[in-house]
Amino acid sequence: MQSPAAPASASGVSLDVRRTAPWIIFIIFFGVLNETVFNVSTPSIAAQYGLSSSGVSWVVTTFILFFGIGSVIYGKLSDIYSLKKLIVIGIVIYNAGSVLGILLQSSYAMVIAARAIQGAGASAIPALIMVVVARYFSMEDRGKVFGILNSTVAFAVGVGPVIGGLVSARLHWSLLFLIPLFTLISIPFFRKVLPEEKPAGGRIDVLGAGLIGLGIAGLILFLTEPRWYWLAGGIGLMVWFAVHIRRTSQPFIEPSLLRSPLFRSGLIVAFIMFSTVMGIMFALPFILTGLKGLTTSGVGWVLFPGAISAVVFGPIGGTLADKQGNPKVVLLGALLLSGSLLLLSFLLPLAPWVIAVPLVLLYIGLSFIQTALANSVSQTLSLQETGIGMGLFNLVGFISGAVGSALVGRVLDQGLLGFRLNPLVADPGAWAYSNLMLVFALAILLGTLLYFRAYGFKLRRTRTSPSG
């Protein structure tokens with residue numbers, strides 16, 4: 001639906017925020033929920049099939065693998081084919097995997113296959129919704145909608161384990177496969193509200209898509225199961241992909257896009273920021289259980305105020321980005337995030353409820369940075385590049401989260417930061433965690449400096465050529 005009063009978007013068609021935002025919240029919530037809803041159910045699944053911890057981890061790893069690869073492939077497809085049709089296809093595939101999982105739950109192999117199909121379909125939802133925002137919302141509304149989007153993602157990721165735990169404990173874990181069926185309700189809306197698009201023409205670079213998909217798969221598998229052949233295979237395929245896109249006439253990713261200084265800088269900053277934040281999220285449960293002796297439910301209650309604050313302040317950050325500009329919101333988010341990390345470094349010896357206070361600032365700062373970064377990157381892309389560009393942005397966020405978690409795990413396992421640096425922290429058990437917060441604060445500072453070096457304090461609002 002076109003809103004006559006709204007300023008034009010990059011495509012010339014502007015969607016009505018009030019009418020569209022509720023459906024975006026709905027579809028994103030149920031699309032992202034499956035990233036974490038199975039996590040707490042793995043003990044029950046392992047018991048049913050007699051699996052080891054590494055064997056049952058494929059329930060989560062398979063979904064993540066196909067979700068990450070699919071996000072960039074759907075982004076590219078949206079630059080060639082109808083966005084409306086791709087969203088519907090993604091929802092149908094997502095639900096086909098869900099039906100397969102519930103019907104064939106007696107076989108663990110079929111459960112893994114169902115999770116793969118779910119991931120392949122679910123990846124269309126965040127990837128294509130980000131393209132919808134970048135393509136069909138006016139520049140004045142885009143920050144607000146990105147804020148709503150990021151708030152919904154934060155809430156879905158946070159509440160996923162809670163829902164998964166309740167369903168597994170009171171009913172049966174296999175019923176989690178039914179959750180995506182709610183997304184079918186949204187199909188008539190998206191078919192009606194999204195404008196008709198003529199195919200842009202061209203062909204799909206199948207070899208390029210295969211190379212980047214398998215290369216990413218190798219790197220993700222290395223992060224979840226660190227074996228040299230996964231790393232070697234992933235790097236080798238990515239190098240082959242880089243050579244291939246320079247030699248083919250219609251590459252999967254145009255080399256000119258990766259040569260754009262603004263776009264490339266946005267991806268680098270996103271990698272630093274998101275890997276740092278996901279490292280923090282990975283470390284917090286260890287801090288609260290190992291250092292403070294909290295139960296799983298106790299950890300949830302400490303994190304709950306922060307998660308709710310992200311939901312509340314996400315749209316506020318988007319509105320600020322629209323009115324004050326993305327750089328100011330990045331700066332504010334970085335100050336909140338680094339300030340909360342410094343507070344955590346000093347407050348770790350105190351009671352758990354005291355730690356909950358800086359966590360609120362942490363979540364708010366994260367929501368501001370996520371919103372402003374997505375908005376900044378989208379503004380460096382031409383209309384023809386929004387699909388693959390935002391797909392790559394999603395992919396970087398996804399991979400950086402895996403990298404951050406893996407690095408923090410290694411640092412804690414090997415005791416690399418187990419020395420006293422903060423003079424106010426006397427407990428030897430807290431030294432590593434306190435030092436980790438200081439390292440995180442420095443990483444946020446580095447990412448902020450790189451952002452302002454690339455974008456300055458006033459991000460230009462349009463981009464007229466693929467080369468920037």
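Computation of the quantities below employed the complete heavy-atom set of this structure, encompassing side-chain atoms and omitting hydrogens, waters and symmetry-equivalent molecules.
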(request) Check the side chains of S123 and Y94 for a donor-acceptor pair under 3.5 angstrom, ignoring hydrogens and angles. (result) no
(request) To the nearest 0.5 angstrom, please state how far the CD1 atom of I129 sits from the CD1 atom of I25. (result) 11.5 Å
(request) Would you mind reporting whether I272 and Y451 have side-chain heavy atoms less than 4.5 Å apart? (result) no
(message) For L342 versus A441, what's the shortest heavy-atom pair and its separation?
(response) CD2-CB, 4.3 Å
(message) Checking the side chain of S98 only, and the main-chain atoms of L178 only, is there a donor and an acceptor separated by less than 3.5 Å?
(response) no
(message) To the nearest 0.5 Å, what is the distance between CG on L175 and CH2 on W173?
(response) 9.5 Å
(request) To the nearest 0.5 angstrom, please state how far the CE atom of M273 sits from the CD1 atom of I268. (result) 13.0 Å
(message) Nearest 0.5 angstrom please: T183 OG1 to I87 CD1, how far?
(response) 12.0 Å
(message) Could you check whether any side-chain heavy atom of I117 comes within less than 4.5 Å of a side-chain heavy atom of F66, counting everything from C-beta outward?
(response) no
(request) Evaluate the side-chain proximity of V329 to T371: yes if any heavy-atom separation is below 4.5 Å, no if none is. (result) no
(message) Let me confirm one number: the OG-CG distance from S338 to L361, rounded to the nearest 0.5 Å.
(response) 10.5 Å
(message) Could you walk me through whether L344 and L362 satisfy the side-chain contact (heavy atoms from CB on, under 4.5 Å) test, starting with their C-alpha distance in whole Å, then the side-chain angles of each, then the deciding distance to 0.1 Å, before giving a yes or no?
(response) CA-CA 10 Å; L344 282 172; L362 186 147; 4.2 Å; yes
(request) Kindly give the heavy-atom pair with the smallest separation between I125 and G31, and that separation in Å. (result) CD1-CA, 3.8 Å
(request) Please state whether the rings of F30 and F182 are parallel, tilted or perpendicular, taking 30° and 60° as the class boundaries. (result) parallel
(request) Go through the steps for F368 and V330 under the test side-chain contact (heavy atoms from CB on, under 4.5 Å), then give the verdict. (result) CA-CA 7 Å; F368 282 8; V330 168; over 6 Å; no
(message) Closer than 3.5 angstrom, by distance alone: can the side chain of Y74 be matched with the main-chain N or O of A120 as a donor-acceptor pair?
(response) yes
(message) Which heavy atom of G365 sits nearest to which heavy atom of L336, and what is that distance?
(response) CA-CB, 3.9 Å
(message) Could you measure the distance from the CD1 atom of I235 to the CZ atom of F222? Nearest 0.5 Å is fine.
(response) 8.0 Å
(request) Check whether any side-chain heavy atom of L442 lies under 4.5 Å from a side-chain heavy atom of L446, and answer yes or no. (result) no
(message) Is there a side-chain contact between S186 and I91 in this structure, where contact means two heavy atoms from C-beta onward sitting under 4.5 Å apart?
(response) yes
(request) Start with the C-alpha distance between W23 and I185, add both sets of side-chain angles, then the distance that settles side-chain contact (heavy atoms from CB on, under 4.5 Å), and finish with yes or no. (result) CA-CA 10 Å; W23 285 102; I185 302 172; 4.0 Å; yes
(request) Would you check if V277 and L337 make a side-chain contact, meaning some heavy-atom pair closer than 4.5 Å? (result) yes
(message) Which heavy atom of Q118 sits nearest to which heavy atom of G97, and what is that distance?
(response) CG-C, 3.9 Å
(request) Mind listing the closest non-hydrogen atom pair of F67 and P126 along with its distance? (result) CZ-CG, 3.5 Å
(message) Minimum heavy-atom separation for P180 and L176, please, with both atom names.
(response) CD-O, 3.9 Å
(request) Output yes when a side-chain donor or acceptor of S345 lies under 3.5 Å from a complementary backbone atom of L341, and no otherwise. (result) no
(request) Kindly indicate whether the side chain of F190, heavy atoms from C-beta on, has any atom under 4.5 Å from the side chain of I27. (result) yes
(message) Could you check whether any side-chain N or O of N375 sits under 3.5 Å from a backbone N or O of N326, counting only pairs where one atom can act as donor and the other as acceptor?
(response) no
(request) Give a yes or no answer on whether the side chain of S265 reaches the backbone of L262 with a donor-acceptor pair at less than 3.5 Å. (result) no
(message) Taking the side chain as everything from C-beta on, heavy atoms only, tell me whether L366 gets closer than 4.5 Å to Q370.
(response) yes
(request) Report yes or no: does R115 contribute a side-chain atom to a donor-acceptor pair with the main-chain N or O of F63 at less than 3.5 Å? (result) no
(request) Might you work through the side-chain contact (heavy atoms from CB on, under 4.5 Å) test for F274 and V396, ending with a clear yes or no? (result) CA-CA 9 Å; F274 296 157; V396 166; 5.7 Å; no
